[in-house]
2 protein chains.
Amino acid sequence: MSQNSTRMFYYEPRGYDAAMTETGIRQRTRKAILDGALSVWARDFTATLHDIADAAEVSRSTLHRYFPDRQSLVDAAKDAAIAALEESGVRAVSSGSDAADQLDAMLRATVDVGNAVIFLFFDPNRFADIWEGDDAEDAHSELREIVTRAQADGAVAADVAPDWVINMFYAVVYTAAESVNDGALPRHRAGEVASRTFFGGLGAR
Amino acid sequence: MSQNSTRMFYYEPRGYDAAMTETGIRQRTRKAILDGALSVWARDFTATLHDIADAAEVSRSTLHRYFPDRQSLVDAAKDAAIAALEESGVRAVSSGSDAADQLDAMLRATVDVGNAVIFLFFDPNRFADIWEGDDAEDAHSELREIVTRAQADGAVAADVAPDWVINMFYAVVYTAAESVNDGALPRHRAGEVASRTFFGGLGAR
DNA sequence: CGAGAATAGGACATCAATGTCTCAAAATTC
DNA sequence: GAATTTTGAGACATTGATGTCCTATTCTCG
């Protein structure tokens, strides 16, 4: 036929298990896009795929090669956020048995994935389908258990409700994440600053 | 010229002071559109002008006749929300001098304008330009003063921080407003239910 | 270096939301 | 009930986001 004699492979997006069998480069690109989506959408969920491609320092073509349509990127970002959050929780809890240490580790770990937290929880309607039933309770039960124990140990003020501590926990995470996004706070100092603020305000004197 | 002999007036939108010099009908239509915008945008700020026209039971033409573009409706809705909120606060404070009565009245009044609260405050980035400086503090200072006085009177639990009470105040308002929007709670019972829940949880035993 | 892998960039079609305009019908008022 | 006001409905142009496709260029790794 009239085909050119040179090779004409234009590399197509992979199938569902793409993330499993990808080369190192593609894994890094995929991660960059997901990170960009998380940080941009955490601040404004109406942001454009163009905005996300920019944030990920990738062309829009490349973005579409990895995530054919908007929804698939939303789903992947959601999964990535949940995975990051769970991983950070596990890491923190296994940092020792002392409640105060665990709480501190959990705060720093959560600040590290602050964008994931904001992306997932900021707008209750965004992923309302996921949090129905007891899932919302379960998500916080581990943190609540640690907080209660820390209060019993005298490491955290016991004259406020655990819920108040938990609300403060997330308030600090939110503020830290926004400051990092704004560039007002260097990422490597975020955990330390958040911890200092949290315990300086709530730690037993 | 070639003009038809019959009258050809197609009534145009009015100028900036339209709301001042309007007839009763137009005032009611304008209010219906603003109410629709508030209730729809409180739940989802990305909602379409079509959605708002539907909610207001008005055609899209009519909506555009009153608010030429999206931004002008957003601005008008914002102004209406602020006015409603301030008016409800004034009404509640002047309901007596007893702190508990004032707090109860303020809660019921705020539930009445729940959509305005959600529309204005739900997404801190939405109207970030308004709340810069001390305005955010001032907006809550009156409520905080009443709460503190109610705690001193023994009408509200004093072993929690005033901020926690204020957070609960808005949490109850949010929940009530959403329930009314969902149809799960009749509007005329919202104030009563909110008040009962709020004081049943926080009132001194 | 050279083949294969990956990306950038842009042309293009599509779609949904926005905004404009016109006319007919309904509602209101006198 | 006639004049005036107001609305509903739809046709239309515009715009921005999305999604597809093709090609040249760059990168990576043996």
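Below, read A as the first sequence line, B as the second, and so on, with proteins coming before strands; counting in each chain starts at 1. Values in this document were obtained by computation on a predicted structure and should not be read as measured data.
- With salt bridges taken as basic N to acidic carboxylate O contacts below 4.0 Å, none links B:E192 and B:R196.
- Side-chain proximity of A:H64 to the nucleotides C:dT18, D:dT18, C:dT7 is greatest for D:dT18.
- For B:E57, there are no salt bridge (charged side-chain N to carboxylate O under 4.0 Å, His left out) partners at least two apart in sequence or on another chain.
- Contact annotation: side chain of B:R65 to base of D:dG8, donor-acceptor pair present below 3.5 Å.
- Contact annotation: side chain of A:R60 to base of C:dG9, donor-acceptor pair absent below 3.5 Å.
- A sub-4.0 Å separation between OP1 or OP2 of D:dT7 and a side-chain N or O of B:T62 is absent.
- Between the side chain of A:S61 and the base of C:dG10, at least one donor-acceptor pair of N or O atoms lies under 3.5 Å.
- For A:Q71 and A:D75, the side-chain atoms include at least one donor-acceptor pair closer than 3.5 Å.
- In this structure, CZ of A:R28 is placed 13 Å from C1' of C:dT7, rounded to the nearest angstrom.
- Within 3.5 Å, no donor on the side chain of B:R70 pairs with an acceptor on the base of C:dG19, nor the reverse.
- Distances from the side chain of B:T48 to the nucleotides D:dG8, C:dA17, D:dG19 place C:dA17 closest.
- Looking only at distances, no side-chain donor or acceptor of B:T48 sits under 3.5 Å from a matching main-chain atom of B:D51.
- For the pair A:I33 CD1 and C:dT7 P, the computed distance is 8 Å after rounding to whole Å.
- Residue A:Y66 places none of its side-chain N or O atoms closer than 4.0 Å to OP1 or OP2 of C:dA6.
- Within the nucleic acid shown, A:Q71 has no heavy atom closer than 4.0 Å to any nucleic acid atom.
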